Amino acid sequence: MESRRRDMELLSNSMAAYAHIRANPESFGLYFVLGVCFGLVLTLCLLVLRLSCRPSPRPPARPGDLSEDDEDDDEDEEDTVDRAASESLLPVTEIPLESHGPGDGALAVNVFASAEELERAQRLEERERIIREIW
């Protein structure tokens with residue numbers, strides 16, 4: 001008996017809300033747009049908060065600090081060459097330091113975003129050198 005009463009209350013409340021919306025479409029539109037705008041502002045605030053609270057990036061590892069196995073088999077080398085061809089790397093612009101004078105404000109900046117990208121770029125350069133030697 002109680003569940004039937006709840007169902008009837010829900011139905012009557014829904015009909016009353018529909019009648020109110022039909023009578024005042026401007027207020028419904030206003031509340032709807034306000035709700036959407038509030039959701040967007042809340043999402044933007046949370047995104048800014050997430051970006052600002054992110055831990056600072058660690059300094060990139062030096063090329064000499066990276067540990068790689070220099071003793072690879074020929075099969076492994078061929079597999080990595082094939083994998084390197086299929087990998088997509090971000091384009092990197094290298095600027096030679098010799099073209100800059102001491103007073104023009106040019107600094108030696110690492111253009112890689114992480115140590116992994118630097119390591120992949122070094123591996124790719126090594127693979128390209130090996131392929132050139134083979135040809």
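Since the model is a prediction, treat every value here as computed from it, not as a measurement.
Cluster partners of L49 are absent, since no Ile, Leu, Val, Met, Phe, Trp or Tyr has side-chain heavy atoms less than 4.5 Å from it. Apart from F28 itself, the hydrophobic cluster it occupies contains I21, where clustering links Ile, Leu, Val, Met, Phe, Trp and Tyr at side-chain heavy-atom distances under 4.5 Å.
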Name the atoms and distances for all side-chain donor-acceptor pairs under 3.5 Å in residues 9-19, with sequence neighbours left out.
unit_1, atom_1, unit_2, atom_2, d
S12, OG, M8, O, 3.2
S12, OG, E9, O, 2.9
N13, ND2, E9, O, 3.3
S14, OG, L10, O, 2.9

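Residues satisfying the side-chain contact (heavy atoms from CB on, under 4.5 Å) test with V36, not counting sequence neighbours, are F32, L40. Remark: R22 engages no residue in a salt bridge (charged side-chain N to carboxylate O under 4.0 Å, His left out) (not counting sequence neighbours). Judged as a side-chain hydrogen bond (donor to acceptor under 3.5 Å, both in side chains), and not counting sequence neighbours, the contacts of E126 are R129.
Comment: E116 does not engage R120 in a salt bridge, judged by the lack of any side-chain N to carboxylate O separation of less than 4.0 angstrom.
Taken from CG in L124 to CD in E119, the straight-line distance is 12.5 Å, to the nearest 0.5 Å.
Applying the side-chain hydrogen bond (donor to acceptor under 3.5 Å, both in side chains) test to every pair with at least one member in residues 24-34, sequence neighbours left out, gives these pairs: H20-N24.
Side-chain atoms of I130 and I134, non-hydrogen and from C-beta on, do get closer than 4.5 Å to each other.
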Please lay out, stage by stage, how L47 and T43 fare under the test side-chain contact (heavy atoms from CB on, under 4.5 Å). CA-CA 6 Å; L47 183 65; T43 304; 5.5 Å; no
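Considering L42, L44, V48 in turn, L42 is the only one that fulfils the side chain to side chain contact (heavy atoms under 4.5 Å, CB included) rule with L46.
Closest of all the heavy-atom pairs between E125 and R132 is O-NH2, 4.5 Å.
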